[in-house]
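Everything quoted here is computed from the prediction, not taken from an experiment.
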Amino acid sequence: MFFLHELDRYRHNLAKEFTAEEHAAMTIHAIRDLRDRSIAGTVIVPLCYLLGSFITDYASEHWQLFLSLGTLFFIALVLRILAIRAFSRKELRGDRYWQTTYFGANLFMGLIFGCFVGSAVIFYHDSLSLALIIILLAGIGGGSLASYCIWRLLSYSYLLCILLPAIGAGFYIGNSVTVPIAIAFSFFLIFNLVQTKQWNENYWQSVINIFLLEKNSLELKKVNSQLAVEIIDHKNTSRNIAISRQKLQDLYNAAHDAILIFNLDGQVIDVNNTMLKMFEADRQEVLKLDITNRPASRLNPQLDLKKIWQETLQGKDQEFEWLAKKEVKNERFYVQVNMRKTKWGEDTVVIATVRDIDARKRSEERELQARQSLAKTEGYLLSILEYANLPICCKDSSFNYILVNREFERLAGIEGIENQELKSKSDFDIFPGSWAEEFRKQDEEVKEKGIPMEFQTKLLFADGEHVFTSAKFPLRDQENKVYGIGSICTDITPQIQAMQAAQAASQAKSEFLANISHELRTPMHGILGYARLGQKRTDIVSKAKLNEYFSVISESGSRLMDLLNNLLDFSRLEVGKMRYTMSQKDLLSRIHQLVYELTPLAAEKHLTFQVTSESGKISAFCDQEKIVQVLRNLISNAIKFSFKDTVITISCKTIHDKNDFPRQQISVHNVGVAIPENELTTIFEKFIQSSATKSGAGGTGLGLAICKQLLDDHKSKIWAENLQGGITVFRFWLPVAEERLVRGNTLQAVSPPIS
């Protein structure tokens with residue numbers, strides 16, 4: 001059929017093979033498009049015939065010819081309407097028959113109108129009526145170019161039918177009026193025939209391209225589904241890496257032993273927090289330590305550090321005791337040092353572990369004293385009780401203390417009380433009333449039941465609340481009668497805190513998993529929305545408008561990729577592998593482009609944007625793409641948390657910090673949910689969201705953390721503020737030009753601006 005030939009004429013130019021189903025779908029689309037284009041012509045052509053006939057004297061002077069042509073017009077019009085109705089059916093069956101009918105009806109109408117115009121040229125070649133008929137003929141001829149260009153054969157045939165009779169009549173009359181008109185219509189016919197070919201080619205290529213676009217959109221959805229699975233796998237891997245790294249870092253800093261790491265030149269390159277606390281030293285001072293240039297120790301004259309160092313470099317493990325001194329309190333204490341040469345990543349280093357053995361030595365001394373006093377006092381069992389690390393006490397049947405160890409004295413704050421004096425004291429003489437009442441109830445229950453029992457008690461100390469478990473047991477004499485109560489206490493606060501920290505980490509993980517799927521939907525809305533908009537408006541919008549839709553789809557796809565890149569960037573930032581390309585850039589145009597990209601998302605809440613700059617440009621020395629990533633996160637957050645029908649403002653002004661360096665301060669204002677004042681800092685931590693906004697608003701908890709890290713790497717700063725009128729603002733600053741402030745051997749950022 002005709003349409004099959006039309007489609008085959010152009011699809012080979014696209015190097016794309018279509019299935020029979022795809023071929024049929026494009027053909028049906030073209031048939032219905034032809035129907036829509038020709039509906040107006042069904043009414044206009046008969047009206048033009050009637051208008052030309054009645055305004056001139058054609059209908060009255062040549063009424064027989066007028067009625068004959070009108071009858072033929074009516075028959076052709078009925079056939080054309082029936083064909084259009086057949087094209088309107090949902091299921092196009094027998095469409096080849098109706099295509100032929102439609103083809104014939106249009107040609108018949110064109111031929112009738114051409115005969116009408118040709119006869120009018122003959123009848124009225126010397127009157128003004130000819131001008132009106134010629135105008136009608138030119139309008140219908142031009143309209144046919146737009147209506148029938150889909151079907152090249154129909155368009156060519158229709159133009160010939162309506163114009164050739166007029167051209168022939170003009171040359172037949174041959175006077176000074178009709179001949180120029182015939183020549184003009186000949187050129188008009190040739191121009192339209194040439195133009196029809198170009199329009200026909202553009203239309204069919206557009207049909208094929210739109211079909212390919214819709215097909216690619218479906219394929220993109222499948223790819224996005226696969227990406228979602230890959231994101232989950234990547235997220236699990238990133239979480240495991242982050243957890244492992246955090247565990248190693250926590251283990252390193254929380255180790256009971258102090259740790260120093262030396263390079264092979266004897267220079268300290270790293271130290272853990274235990275070392276700083278043990279020696280009450282400053283990290284920078286410790287990092288300046290060079291073991292090869294250290295003078296002989298007056299406190300340890302028997303040790304040769306240089307010899308120990310050389311033997312360590314030879315691969316011999318070293319262990320020795322060292323008498324050290326705390327810098328602040330000037331206290332001396334003993335430590336045990338172990339040194340070993342080993343691999344640390346790709347480097348070879350010497351790791352020194354330092355253990356505080358001063359307590360052990362004192363314990364040894366106390367143990368020696370205890371052993372000496374065993375013969376004079378109550379024996380070895382009392383010595384164990386005395387030096388046990390857990391608070392232990394014994395009470396008589398009246399619940400008065402008869403024996404406590406030193407740990408109990410320290411905990412209760414009763415150091416120095418003699419046992420004789422202690423025997424007259426109860427819990428009410430030592431502890432606050434509420435504590436004493438709780439302890440008394442526990443003792444009475446153990447005495448009444450006569451069995452060991454365990455209790456858990458919360459006590460508030462100066463450093464916070466502590467939770468103790470007390471194992472209480474009855475003391476029995478040789479007749480198995482209860483004559484007192486014994487108690488051993490254990491502080492389980494660290495275990496509870498560790499459990500709470502684990503639960504908080506699990507909760508943050510769950511929120512992250514739930515919110516990442518929400519974040520992926522936003523750019524997908526942009527892609528699907530503009531694809532559907534282009535599909536609906538294909539026949540009424542220009543090629544430039546379609547190109548605009550394709551651009552927005554591409555930008556939304558890029559935004560989806562940006563979200564995935566955020567996850568990858570977070571991983572790179574975590575492992576320190578992010579790369580920056582610093583240069584002088586004007587950010588204003590990129591900000592406008594970003595606002596245009598996010599406008600469809602903002603339109604859902606009827607939000608508008610306002611971009612202001614004092615100088616008409618935003619010149620800064622930075623990595624432009626990283627800063628655009630920061631702005632995208634901030635503006636996206638503003639859209640999420642803004643109230644409907646409000647304005648989001650992106651403003652920039654040049655300021656000077658306290659060192660008088662010029663800065664570009666960029667701010668994003670929105671009117672919406674306020675951030676609690678105590679969370680203005682914590683929201684920049686990873687996986688953390690504000691308690692006022694995290695419920696139902698989505699978000700991964702990574703956006704602001706990435707923003708902060710990117711700006712930290714720019715030696716810059718970001719912060720949040722709550723202003724009057726429910727306005728929340730995020731501000732950050734960038735250097736106007738490249739600058740470096742060197743202090744010692746460290747490259748440092750200049751001070752942040754004062755808001």
List in chain and number order the residues that pass side chain to side chain donor-acceptor pair (under 3.5 Å) with [X], two or more places apart in sequence or in another chain; answer none if no residue qualifies.
X	value
Gln495	none
Glu285	none
Thr469	none
Asp712	Lys708

Report yes if some heavy atom in the side chain of [X] is under 4.5 Å from a heavy atom in the side chain of [Y]; otherwise report no.
X	Y	result
Val354	Thr274	no
Glu230	Leu227	yes
Ile675	Ile683	yes
Phe661	His656	no
Leu260	Met275	yes
Met278	Val335	yes
Asn272	Ile261	no
Leu711	Lys717	no

Looking at [Y], is its backbone amide N or carbonyl O close enough to the side chain of [X] to form a donor-acceptor pair, meaning the two atoms are under 3.5 Å apart?
X	Y	answer
Ser716	His714	yes
Asn263	Gly266	yes
Gln318	Lys316	yes
Asn300	Leu303	no
Gln267	Thr292	no
Thr493	Val467	yes
Gln664	Ser619	yes

[X] to [Y] - nearest heavy-atom pair and separation:
X	Y	value
Met339	Ala352	CG-CB, 4.0 Å
Ala720	Phe730	CB-CE2, 3.7 Å
Asn405	Leu390	ND2-O, 2.7 Å
Trp733	Lys715	CH2-O, 3.4 Å

Hey, mind stepping through Val630 and Phe732 against side-chain contact (heavy atoms from CB on, under 4.5 Å) and telling me if it holds? CA-CA 10 Å; Val630 171; Phe732 65 91; 4.1 Å; yes

Which residues pass the ring-ring contact (aromatic ring centres under 6.0 Å, His included) test with Phe262, sequence neighbours left out?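 Here the qualifying residues are Trp309.
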
Roughly how far, to the nearest 0.5 Å, is [atom2] of [Y] from [atom1] of [X]?
X	Y	atom1	atom2	value
Leu594	Ser636	CG	OG	7.0 Å
Ile618	Leu631	CD1	CG	8.0 Å
Ile639	Leu634	CD1	CG	11.5 Å
Glu597	Ile635	CD	CD1	9.5 Å
Ile627	Leu710	CD1	CG	7.0 Å
Gln456	Thr490	CD	OG1	11.5 Å

side-chain contact (heavy atoms from CB on, under 4.5 Å) between Val286 and Leu276: does it pass, once the steps are laid out? CA-CA 8 Å; Val286 176; Leu276 303 178; 4.0 Å; yes

Do the ring planes of Phe333 and Phe279 sit parallel (below 30°), tilted (30 to 60°) or perpendicular (above 60°)?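 Geometry flag for Phe279 against Phe333: tilted rings.
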
Would you please name every residue forming a side-chain contact (heavy atoms from CB on, under 4.5 Å) with [X], sequence neighbours left out?
X	answer
Asn670	Ala638, Ser642, Ile648, Thr728
Ser615	Ser613, Lys617
Ile727	His669, Val671, Leu723

Within 45° of the axis and under 6.0 Å from the centre of the six-membered ring of Tyr580, does NZ or CZ of Lys626 qualify?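 Checked: cation-pi criterion met.
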
Would you please name every residue forming a salt bridge (Lys or Arg N to Asp or Glu O under 4.0 Å) with [X], sequence neighbours left out?
X	result
Arg332	none
Glu321	Arg360, Lys361
Asp358	Arg362

Assess the side chains of [X] and [Y]: does a donor N or O sit below 3.5 Å from an acceptor N or O?
X	Y	value
Glu738	Gln584	no
Asp713	Gln709	yes
Arg590	Gln593	yes
Asn338	Arg355	no

I'd like to know whether CZ of Phe468 has more than 12 heavy-atom contacts from other residues, nucleotides or ligands below 6.0 angstrom.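 Check passes, neighbour count above 12.
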
Does the salt bridge (charged side-chain N to carboxylate O under 4.0 Å, His left out) test come out yes or no for Glu407 and Arg410, once each step is laid out? CA-CA 5 Å; Glu407 185 63 22; Arg410 184 193 64 79; 2.5 Å; yes

Between Asn722 and Glu677, does a side-chain contact (heavy atoms from CB on, under 4.5 Å) hold up when you go through it step by step? CA-CA 8 Å; Asn722 288 324; Glu677 293 294 331; 3.3 Å; yes

Go through the steps for Leu734 and Leu587 under the test side-chain contact (heavy atoms from CB on, under 4.5 Å), then give the verdict. CA-CA 11 Å; Leu734 297 170; Leu587 301 176; 3.9 Å; yes

For residues 341-349, tabulate all N or O donor-acceptor pairs below 3.5 Å that involve a side-chain atom, not counting sequence neighbours.
from   : atom 1 : to     : atom 2 : distance (Å)
Lys341 : NZ     : Leu313 : O      : 3.1
Lys343 : NZ     : Glu346 : O      : 3.4

